[in-house]
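A short write-up of the structure that comes next.
First the proteins, then the strands, lettered A, B, ... as listed; each starts at 1.
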There are 2 protein chains.
Amino acid sequence: MSKQPKYRLVADALRREIEDGSLPPGARVPSENKLMERFEVSRNTARSGLHLLVSEGLISSSQGLGYEVHANEIFELNASRFENLEFPQDGDAYSTDVKSAGRRPHQTFRVEVQPASKDVAKRLEVEPGATAVLRFCHRFVDDVPWSTQATYYPEWLVSAAPRLAEPGDIEEGTTRYLAARGTVQDRYFDEIATRMPTPDEARLLEVGAGVPVLLWTRTGYSGERPVRCTVTTLRGDLNRMNYEIDNLSGRSENEPK
Amino acid sequence: MSKQPKYRLVADALRREIEDGSLPPGARVPSENKLMERFEVSRNTARSGLHLLVSEGLISSSQGLGYEVHANEIFELNASRFENLEFPQDGDAYSTDVKSAGRRPHQTFRVEVQPASKDVAKRLEVEPGATAVLRFCHRFVDDVPWSTQATYYPEWLVSAAPRLAEPGDIEEGTTRYLAARGTVQDRYFDEIATRMPTPDEARLLEVGAGVPVLLWTRTGYSGERPVRCTVTTLRGDLNRMNYEIDNLSGRSENEPK
DNA sequence: CAGTGGTCTAGACCACCAT
DNA sequence: TGGTGGTCTAGACCACTGT
């Protein structure tokens with residue numbers, strides 16, 4: 001005897017309709033009132049069922065409009081290749097990738113000098129609280145909030161690359177700028193985690209309940225020394241990361257493809 | 001004038017207490033009744049606030065016990081190295097890793113022969129619906145559900161490696177078994193995504209609302225031919241993945257460390 | 001047993017969106 | 001203006017956990 005609570009019956013029925021295509025991506029879900037009649041439940045019970053589907057990331061709601069089935073178009077991010085310093089680029093790596101996918105990139109940008117958090121200090125191998133330069137991007141694709149990216153540079157690097165701490169954008173990309181100033185990154189360490197967004201992140205990325213974020217932390221090394229730590233927060237419903245791993249010796253991973 | 005709804009005020013106050021350590025990991029959150037008095041709200045409003053924190057992954061509830069602040073111990077998974085075929089192992093790679101961390105591994109296991117799903121077929125480069133062998137693991141660490149792993153092998157591989165389709169475990173690990181039968185994997189393609197768990201996944205991994213899963217899909221190639229596709233579903237609150245990426249040519253990624 | 005959360009109802013008022 | 005979801009209340013009964 002499966003004694004399911006009523007709100008689960010509502011959610012299960014709608015979930016089935018979403019999965020079998022009766023409610024395709026983008027479709028409107030029956031209104032709370034309709035569900036009250038159909039399942040003979042109170043409004044709050046119908047809402048509980050809908051809320052469950054929201055927290056599963058299947059639907060979302062907006063006031064005055066109703067509930068809608070999520071449409072998930074995902075963007076693939078190949079993280080295993082180094083930025084190719086020879087390959088022609090149109091601005092930074094992000095803009096290049098988005099444009100080559102036929103989409104329109106947009107980003108806001110700011111620079112701050114501030115004490116490094118514990119996590120960042122550990123990765124940059126500096127004392128916690130030591131000064132670091134933060135370069136922060138808020139990125140959009142076709143005006144949809146896509147990701148935030150915070151890159152921290154240790155203070156000692158600024159004397160060799162002063163533009164890091166200046167407010168303006170670096171058109172050619174900071175990786176190229178650093179390489180031109182003699183700091184070439186030859187090793188990356190990537191960490192990937194997931195969690196629900198903080199309220200701040202939910203605001204910046206315009207995601208509601210039910211959409212997790214992907215946290216991508218990349219530490220770049222020049223020789224044995226870490227020279228930057230980039231924390232990227234990606235909308236989990238729109239992004240997927242790829243890595244190609246090769247067991248062949250003597251092969252560069254830097255070929256354009 | 002920030003006109004926050006009451007349930008958000010409740011959630012914000014508790015979130016602050018969690019973040020500043022007044023409510024440390026593992027601590028009991030004040031009961032719904034206490035919150036009703038403290039914030040002068042109805043029980044449902046207090047519950048809404050608590051529900052919000054649950055969906056953010058900060059707390060969880062259980063009947064009769066109360067709400068508890070999540071304690072997050074994370075396990076790091078280094079995915080960038082190949083399984084070392086020479087290095088002595090104690091069973092498969094998972095058991096070896098868990099034991100070497102001083103934890104107790106446990107897994108249940110089953111084998112099925114079934115038509116490949118569209119996603120799997122694409123990665124194995126076989127026709128959708130073609131027969132594939134599924135080897136499925138449900139893995140625990142110290143009796144906590146940790147991950148599920150489904151590995152699919154194309155049917156043509158079974159004639160060279162018949163034990164793949166047999167019910168029993170392969171003690172030395174399937175990668176070694178395949179290598180011993182002449183199929184050495186020399187390239188991996190990894191895809192990493194995140195989303196909220198399906199009800200089935202939530203049951204297997206024993207996660208409630210507010211904990212996303214990390215989906216790790218690894219396709220292994222022998223030459224140009226895909227020989228397996230492994231889909232691992234990891235609890236997002238307990239796992240982090242790492243990749244080391246090296247720009248040096250002529251260096252094996254297969255050294256033990 | 002007392003205290004906890006889980007489910008459910010009926011009703012109210014408000015804010016937003018389309019027409 | 002009517003329909004949608006968002007917030008909030010007061011009260012009821014049930015199921016689970018500890019002592």
Give each protein N/O atom lying under 3.5 Å from an N/O atom of nucleotides 10-16 of chain C, with the pair distance.
{"unit_1": "dA10(C)", "atom_1": "N6", "unit_2": "Asn44(A)", "atom_2": "ND2", "d": "2.6"}
{"unit_1": "dA12(C)", "atom_1": "N6", "unit_2": "Arg43(A)", "atom_2": "NH1", "d": "3.2"}
{"unit_1": "dC16(C)", "atom_1": "O4'", "unit_2": "Gln63(A)", "atom_2": "OE1", "d": "3.4"}

Just to confirm, is there a sub-4.0 Å distance from OP1 or OP2 of dG3(D) to any side-chain nitrogen or oxygen of Asn33(A)?
-> no
Phosphate oxygens OP1/OP2 of dG6(D): is one of them under 4.0 Å from a side-chain N or O of Tyr67(A)?
-> yes
Would one find a side-chain N or O of Lys6(A) under 4.0 angstrom from OP1 or OP2 of dT9(C)?
-> yes
Once you round it to whole Å, what is the distance between P of dT7(D) and CD of Gln4(B)?
-> 10 Å
Using side chain to side chain contact (heavy atoms under 4.5 Å, CB included) as the criterion, list what pairs up with Thr174(B), not counting sequence neighbours.
-> Arg135(B), Tyr153(B), Leu164(B), Ile170(B)
Ignoring hydrogens and angles, tell me if any N or O in the side chain of Asn78(A) forms a donor-acceptor pair with the backbone of Ser80(A) under 3.5 Å.
-> yes
Distance, rounded to the nearest Å, where Glu68(A) contributes CD and dG5(D) contributes P | 12 Å
Counterpart residues, ring-ring contact (aromatic ring centres under 6.0 Å, His included), relative to Phe140(B) (two or more places apart) | His106(B), His138(B)
Between atom CG in Leu35(B) and atom P in dG5(C), what is the gap in whole Å?
-> 8 Å
Across all chains, not counting sequence neighbours, the salt bridge (charged side-chain N to carboxylate O under 4.0 Å, His left out) partners of Arg103(B) are Glu73(B), Asp142(B)
Strand contacts (DNA chain D) in residues 46-59 of chain B, 4.0 angstrom heavy-atom criterion | none
What pairs of residues pass the ring-ring contact (aromatic ring centres under 6.0 Å, His included) test when at least one of them lies in residues 33-57 of chain B, not counting sequence neighbours?
-> His51(A)-His51(B)
For Phe75(B), all residues meeting ring-ring contact (aromatic ring centres under 6.0 Å, His included), sequence neighbours excluded = Trp146(B)
Could you state the CD-P distance from Glu32(B) to dT9(D), rounded to the nearest angstrom?
-> 14 Å
Using side chain to side chain contact (heavy atoms under 4.5 Å, CB included) as the criterion, list what pairs up with Lys34(B), not counting sequence neighbours.
-> Pro30(B), Ser31(B)
Would you please name every residue forming a side chain to side chain contact (heavy atoms under 4.5 Å, CB included) with Arg203(B), sequence neighbours left out?
-> Asp200(B)
dT9(D), dG5(C), dT4(D): which one has an atom nearest the side-chain heavy atoms of Ser61(B)?
-> dG5(C)
Could you tell me, to 10°, how much the axis swings from one end of the helix from dC1(C)-dG18(D) to dA18(C)-dT1(D) to the other, five pairs per end?
-> 10°
Pairs meeting criterion salt bridge (charged side-chain N to carboxylate O under 4.0 Å, His left out) with involvement of residues 51-72 of chain A, two or more places apart = Arg15(A)-Glu56(A)
N/O (side chain, Thr45(B)) to phosphate O (OP1/OP2, dC8(D)) under 4.0 Å | no
Under a 4.0 Å N-O cut-off, is there an ion pair linking Arg235(B) with Glu201(B)?
-> no
Partner set under ring-ring contact (aromatic ring centres under 6.0 Å, His included) for His70(A), not counting sequence neighbours | none
